[in-house]
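Everything on this sheet refers to the single structure shown next.
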Amino acid sequence: MEKNDALKPVIYQLLPRLFTNYNPGPVPNGSIEQNGCGKLRDINPTILKNLREMGVTHVWYTGVIEHAHTSDYTMYGIPRHNPHIIKGKAGSPYAITDYYDIDPDLAFDVKNRMAEFEHLVNRTHKAGLKVIIDFVPNHVGREYHSDAHPAGIEDLGNGDNKDMFFARDNNFYYITRQQFQPHEVDLGTGEDAYVEFPARASGDDCFTAFPGKYNWYDTVKLNYGHDYGDGSNHYDPIPSTWYKMLHILRFWASKGIDGFRCDMVHMVPVEFWHWAIPQVKEVNPDIIFIAELYDIGIYRRFIYTAGFDYLYDKVNLYDTLRAVETANHSAATITNCWQTVDGIGDKMLNFLENHDEQRFASKQYAGDPWRVIPSLVVSAMISTGPFMLYAGQELGEAAEESEGYSGYDGRTTIFDYWSVPTLRRWLNKGRCNGALTESETKLRDTYIRIMNLCNSEKAISMGKFFDLMYVNYENPRFNPHRHYAFMRFHDDELLMIIVNFSSEEAHLEVNIPSHAFEYFGIKRGFAVAKELLSGEESVKTLSDTVTFASAVPAHGAVIWKISAKELKELPKMQVVNK
């Protein structure tokens, strides 16, 4: 990587609970004593150096804020949580129980858990990487109680009028005169029972005392001043929840972190973000806000009005690439993706895996980690916006185990104490020299090459984009259903990028329109080009009268780099191949 402050963020998501858990024999539904738990302290300089060398610019430490868990930390003054209202033994990282604290499971010395987090932030920065953590604004765990909040800060729910479904300065919504009783969920009996009266609305906008087992019954919806009873808004004067959540954001910003990945932002009023984000940036002007968002129709509102720096592009590019890979959708539909976000493409965060999605290599998705190359190249290189990797993706982790609460679903659990087989072997207790198969080694090397290109090639990190599909739909030497081609250009350096989603090697001849030369301001010609994935060199022609010829491996990609300065004039008699 050329410099520390890369123009294109490459984010590596990891759950510390899983990432540095080296237990080789975890058991389904095992306790922390049985299965162990990764610690913040174990994310050492060697690991961070390896991430940096892979082209990573930011690390998203997922699940570091205290959340619901079954382990007993009462000796440290942390209340024990009722296991009947927790999903899994380790609990959901999104059922926050104290916004001002570090999850004790992640600490080697529980008493000094915040200091251990601060040391991790410092280590990460020393490695040339930036730190992102979660902000979970929409809901909290059922047993939320902050024992670590600064003096003078009132806890969430304190002073709420529980006789009203909605009041502007209530922090929660109350299902009055009804006891909480989710369907098909055992809340226990006797002294061990979980009792909540009156019931509070659940985090997935479930405004009943009787959510189902597939609802977010382990969480409680926060009230930002919108009355879901009559649809009215009560944002002036500012509601209590706004002030409390702003203080939490500024608290973590003061810890020196570099960004927030904000959970389910569309379930919180845009007006809150518009009010809060500028105030957080007063503490740290360079801090970034990433929005988890699943509605294309409101993308622009969350950028231009709410003030987010980047948005998940899950329901656009991710879903399209998955459909091309698994449902025989046409690769030509990828064009619709950049057109949908035209003008805000640099704000889109692309990914192929995260904690919510199935592993690419899982049987529920592609079933083969090597099929990832075309999707990876498109997702990482179609724009100047961020790209995100999920820990273990680069090793072909297939999530083949049934860990407990999570079950065998093609995902790596976020609810259980567990260790990830590929990561466990590679990390080798923090030495990053563990035994990998030949295929895993080659796959990781391929990820390293592609991720580093994201910033070593300015045509990718800051260049222009040109889609070539519209002039190749009727090209007999190009299949628009299995092949996708585009160009990136910056400062006289042009990349011709072609991917092949088919299971057969393709020998393609790609049409380039005259408009591409006008758009980039370059001449036609031929020059020696270098293919950046294989290192191959070959003479290539850039012309609107002669096709661009290239072989592309099955489930593969080529990235041909050509210097516009080195283009030599074509012979006058050359014509387009038919």
Side-chain angles (χ1 to χ4, degrees), residues 1 3-17 19-20 38-52 56-67 93 96 98-137 146 148-153 244-263 273 276-291 307-310 349 386 388 391 455:
M1 195 181 306
K3 56 184 179 177
N4 290 347
D5 295 321
L7 295 173
K8 179 183 176 75
V10 177
I11 301 168
Y12 191 87
Q13 181 194 7
L14 65 86
L15 277 77
R17 175 202 294 165
F19 189 72
T20 52
K39 306 296 181 184
L40 300 178
R41 191 187 71 163
D42 294 333
I43 303 172
N44 63 28
T46 300
I47 291 172
L48 295 168
K49 178 175 178 285
N50 271 264
L51 294 180
R52 171 79 172 156
V56 171
T57 64
H58 295 67
V59 185
W60 169 17
Y61 294 113
T62 305
V64 299
I65 297 178
E66 185 187 322
H67 54 269
I96 301 295
D98 189 342
Y99 277 120
Y100 291 97
D101 211 349
I102 293 296
D103 195 80
D105 281 346
L106 305 180
F108 179 78
D109 179 0
V110 175
K111 291 188 301 240
N112 293 308
R113 55 195 179 276
M114 185 60 76
E116 290 190 12
F117 172 74
E118 291 165 350
H119 291 324
L120 175 62
V121 172
N122 290 336
R123 280 198 305 280
T124 306
H125 287 161
K126 285 181 180 178
L129 298 164
K130 295 186 176 182
V131 174
I132 296 171
I133 67 168
D134 286 288
F135 175 56
V136 186
S146 177
H149 62 71
I153 297 300
K244 291 180 179 180
M245 300 308 278
L246 174 62
H247 190 275
I248 291 160
L249 283 165
R250 295 183 67 149
F251 171 83
W252 289 105
S254 71
K255 296 290 182 184
I257 67 165
D258 305 288
F260 292 102
R261 178 270 187 189
C262 300
D263 189 69
W273 299 113
I277 289 176
Q279 296 188 69
V280 179
K281 291 196 174 191
E282 289 176 4
V283 176
N284 181 352
D286 297 323
I287 203 163
I288 62 173
F289 280 78
I290 300 169
F308 278 92
D309 297 286
Y310 304 112
L349 183 150
M388 184 170 73
N455 279 296

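What you see is a predicted model; the values in this text were computed from it and never measured. Note that these values count all heavy atoms, side chains included, but never hydrogens, waters or copies made by symmetry.
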From [atom1] ([X]) to [atom2] ([Y]), nearest 0.5 Å:
X	Y	atom1	atom2	result
Asn284	Asp258	CG	CG	7.0 Å
Arg41	Leu120	CZ	CG	12.5 Å
Thr20	Lys39	OG1	NZ	8.5 Å
Ile257	His58	CD1	NE2	11.0 Å
Ile43	Phe19	CD1	CZ	6.5 Å
Ile11	Ile288	CD1	CD1	5.5 Å

Could you list the residues that satisfy side chain to side chain donor-acceptor pair (under 3.5 Å) with [X], not counting sequence neighbours?
X	result
His119	none
Asn122	none
Asp105	Tyr73, Tyr417
Asp42	none

For residues [X] and [Y], report the shortest heavy-atom separation together with the two atoms involved.
X	Y	value
Gly63	Pro93	CA-CB, 3.7 Å
Trp273	Pro278	O-CD, 3.9 Å
Ala253	Val280	CB-CG1, 4.0 Å
Ala391	Leu14	CB-CB, 3.9 Å

For [Y], is there any backbone N or O sitting under 3.5 Å from a side-chain donor or acceptor partner on [X]?
X	Y	answer
Asn50	Thr46	yes
Ser146	Asp98	no
Thr124	Leu129	no

Which residue pairs pass the salt bridge (charged side-chain N to carboxylate O under 4.0 Å, His left out) test when at least one of the two sits in residues 112-128, sequence neighbours left out?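 For residues 112-128, and leaving out neighbouring residues, the salt bridge (charged side-chain N to carboxylate O under 4.0 Å, His left out) pairs sorted by first residue read Asp101-Arg113, Glu118-Lys255.
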Any salt bridge (charged side-chain N to carboxylate O under 4.0 Å, His left out) pairs touching residues 279-289, not counting sequence neighbours?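 Sorted result for residues 279-289: Lys281-Asp309.
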Any heavy-atom pair between the side chains of [Y] and [X] that's under 4.5 Å?
X	Y	answer
Leu40	Ile102	yes
Met388	Ile290	no
Glu66	Asp103	yes
Val121	Tyr61	no

Return the set of residues passing side-chain contact (heavy atoms from CB on, under 4.5 Å) with [X] (not counting sequence neighbours), or none when no residue passes.
X	answer
Pro150	Tyr100, Ile153, His247, Phe251
Ser254	none
Ala291	Val265, Phe308, Leu311
Asp134	Trp60, Thr62, Tyr94, Val136, Arg261

Could I get the full list of salt bridge (Lys or Arg N to Asp or Glu O under 4.0 Å) partners for Lys244, not counting sequence neighbours?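 Glu154.
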Could you list the residues that satisfy ring-ring contact (aromatic ring centres under 6.0 Å, His included) with Phe117, not counting sequence neighbours?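 Here the qualifying residues are Trp252.
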Look at the rings of Phe260 and Phe289 and say which category their plane angle falls in: under 30° parallel, 30 to 60° tilted, over 60° perpendicular.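 The rings of Phe260 and Phe289 sit tilted, inter-plane angle from 30° to 60°.
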